[in-house]
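As the structure lists them, so they are numbered: ligands from 1, and atoms in each ligand from 1.
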Amino acid sequence: MAYTKHIPKKRILCRELQFVLVLLLGWLAPHSLCAQRVSIGLYDTCSIQLLRVCPLSAGYKLLLNGKFVEVEKGTELNFSSRGRMLICERAGNEYEPCEHIALVHTDPNAQFELSLLRPQAETRTYDGNLSLFVDFGRIMCLNLVDQEAYIAGVALAEVGAKAKPELYKAQALLIRTYLMGNRAKHLEEGFNLCDQVHCQAYKGSASKYPYIRQATQQTAGMVVVDAEGNLITSVFHANCGGQTASARDVWMTETPYLQSVKDPYCRRSRGANWKKTVSLNDWKRFLQSKGVSTERINNTGYLYRSETREGMYELPGGIAVPFRDLREYFNLKSAWFNVAVDGGEVLLSGRGYGHGIGMCQEGAIRMAEEGKTAAEIINFYFRGARIVKQQ
Ligand SMILES: [Zn+2]
Ligand SMILES: [Zn+2]
């Protein structure tokens with residue numbers, strides 16, 4: 001789901017702790033009839049040392065060493081670690097150290113605030129429950145949250161608060177499809193998904209914007225599948241620049257519903273164009289690393305212009321290098337760009353932002369503004385895919 005790929009260090013939980021978490025959180029029951037909950041690893045790229053939690057709803061309880069302790073609304077709880085143990089401090093008093101602490105509420109709409117103090121980060125509001133433990137010297141924070149509340153939260157993090165309902169619906173279908181297909185992604189670390197773009201960006205509750213939850217809720221239970229009925233790879237990106245990329249050109253996998261489509265909707269958006277300069281020497285050095293004999297190419301040989309998105313950067317002598325490799329190496333916004341040479345510099349002028357596969361978010365925002373439905377948006381970017389009620 002990401003523009004950039006971050007692979008976190010694998011952490012393997014001991015079996016007993018996994019067992020406790022499973023018992024406590026019950027999140028390994030995807031087909032249960034009760035409201036679905038998911039467990040999200042918060043601030044997954046941070047080494048959390050100190051944090052503050054404050055219930056915003058009455059009725060929360062702390063679970064410490066098997067005992068429940070009432071926590072009033074507005075109470076500040078500070079958490080730090082000592083070895084493998086968690087220390088919870090409340091109004092200057094410390095509780096007995098615990099391996100695992102949970103903040104629980106029976107109402108999935110109950111909310112708490114979480115502030116990272118070391119390292120510091122903005123305060124965020126979350127729905128549901130919180131589970132804490134220490135793992136390799138960092139405090140792990142897991143948010144056990146109602147699935148639909150999570151989906152609305154991701155929709156907010158991904159497209160902001162100003163989009164049209166049909167866009168939130170389209171986005172929710174893709175977020176849910178991703179969740180269904182990737183519930184086990186962080187299983188070894190003790191949760192379902194992380195809150196980073198490695199999985200799906202999630203910055204807490206969308207409850208401040210009830211219209212987002214209303215829109216995403218209208219797609220509850222629905223996912224996007226391919227012609228065979230399998231969940232699609234529900235990818236999206238910021239801006240395709242006017243033409244999406246095929247999975248074949250970027251990932252080298254033929255996927256019938258991830259073909260390149262011309263997108264007239266995103267061309268006027270902010271992210272549609274970019275420029276970057278690279279030194280000619282660096283350009284040559286990279287091409288050499290790909291087996292190109294640059295001594296046989298003069299400067300005009302590097303020029304490239306295309307009105308359509310292409311998979312390969314073709315050079316004289318029948319040699320070609322994938323645009324995705326150039327994008328990755330030179331950290332370019334997209335893999336669709338023209339190449340010009342000026343003296344010792346290579347001038348790149350590109351279109352779009354992101355890998356370009358699947359739904360173009362800025363194009364989809366515009367489609368919704370023009371009155372297109374969520375189904376029309378999905379069908380435009382994922383040709384031949386179908387929206388179905390989950391089994
Ligand atoms: Zn992840
Ligand atoms: Zn686009």
Side-chain angles (χ1 to χ4, degrees), residues 1-13 27 38-46 135 138 140-143 145 150-151 153-154 157-159 163 167 170-171 174-175 178-203 233-246 249-250 258-274 307-309 333-337 350-370 372 376-383:
M1 265 302 84
Y3 316 139
T4 54
K5 208 166 186 180
H6 157 75
I7 311 288
K9 179 169 61 77
K10 276 259 183 277
R11 293 175 295 267
I12 315 255
L13 287 181
W27 50 261
V38 285
S39 177
I40 309 298
L42 304 181
Y43 292 99
D44 197 48
T45 52
C46 281
D135 188 43
R138 59 166 287 200
M140 299 293 292
C141 300
L142 312 188
N143 181 202
V145 55
Y150 164 73
I151 289 169
V154 176
E158 286 289 351
V159 288
L167 190 269
Q171 194 75 57
L174 298 181
I175 296 165
Y178 182 86
L179 170 62
M180 293 301 125
N182 292 277
R183 271 182 175 273
K185 198 158 176 178
H186 287 274
L187 203 60
E188 286 186 333
E189 295 151 89
F191 51 96
N192 296 126
L193 298 179
C194 75
D195 65 349
Q196 306 292 305
V197 290
H198 169 255
C199 289
Q200 310 195 94
Y202 171 61
K203 296 176 184 169
T233 303
S234 59
V235 273
F236 47 87
H237 57 276
N239 186 303
C240 75
Q243 185 182 356
T244 67
S246 69
D249 281 347
V250 183
L258 292 177
Q259 300 298 325
S260 176
V261 297
K262 290 255 169 71
D263 182 357
Y265 298 101
C266 64
R267 291 307 313 279
R268 274 174 287 149
S269 326
R270 253 183 318 136
N273 299 298
W274 57 265
E307 284 305 306
T308 54
R309 194 186 266 272
K333 282 188 171 176
S334 73
W336 182 9
F337 48 86
R351 294 180 181 191
Y353 191 3
H355 53 55
I357 308 170
M359 187 176 87
C360 164
Q361 284 177 310
E362 289 185 357
I365 287 170
R366 185 96 191 115
M367 286 181 83
E369 283 168 359
E370 289 185 10
K372 299 279 192 290
E376 284 170 326
I377 295 170
I378 296 290
N379 291 327
F380 181 76
Y381 291 107
F382 301 92
R383 299 286 160 96

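Of the possible polar contacts, none joining the Asn192 side chain to the Ile40 backbone as a donor-acceptor pair under 3.5 Å is found. Side-chain atoms of Arg267 come within 3.5 Å of backbone atoms of Gly241 as a donor-acceptor pair (strictly under, hydrogens ignored). In this structure a side-chain-to-backbone donor-acceptor pair under 3.5 Å is present from His237 to Met359.
Between the NE2 atom of His186 and the SG atom of Cys199, the angle taken at the Zn ion (ligand 1) works out to 100° after rounding to 10°.
Looking at residues two or more places apart in sequence or on another chain, you find a side chain to side chain donor-acceptor pair (under 3.5 Å) between Ser260 and Gln243. Every residue meeting the side chain to side chain donor-acceptor pair (under 3.5 Å) condition with Glu369, not counting sequence neighbours, appears here in chain and number order: Arg366. Residues satisfying the ring-ring contact (aromatic ring centres under 6.0 Å, His included) test with Tyr381, not counting sequence neighbours, are none.
The Zn ion (ligand 1) is closest to atom ND1 of His198 (considering only N, O or S atoms).
Tally of protein N, O or S atoms closer to the Zn ion (ligand 2) than 2.8 Å: 4.
Between Tyr178 atom OH and Ile151 atom CD1 the span is 13.5 Å, to the nearest 0.5 Å.
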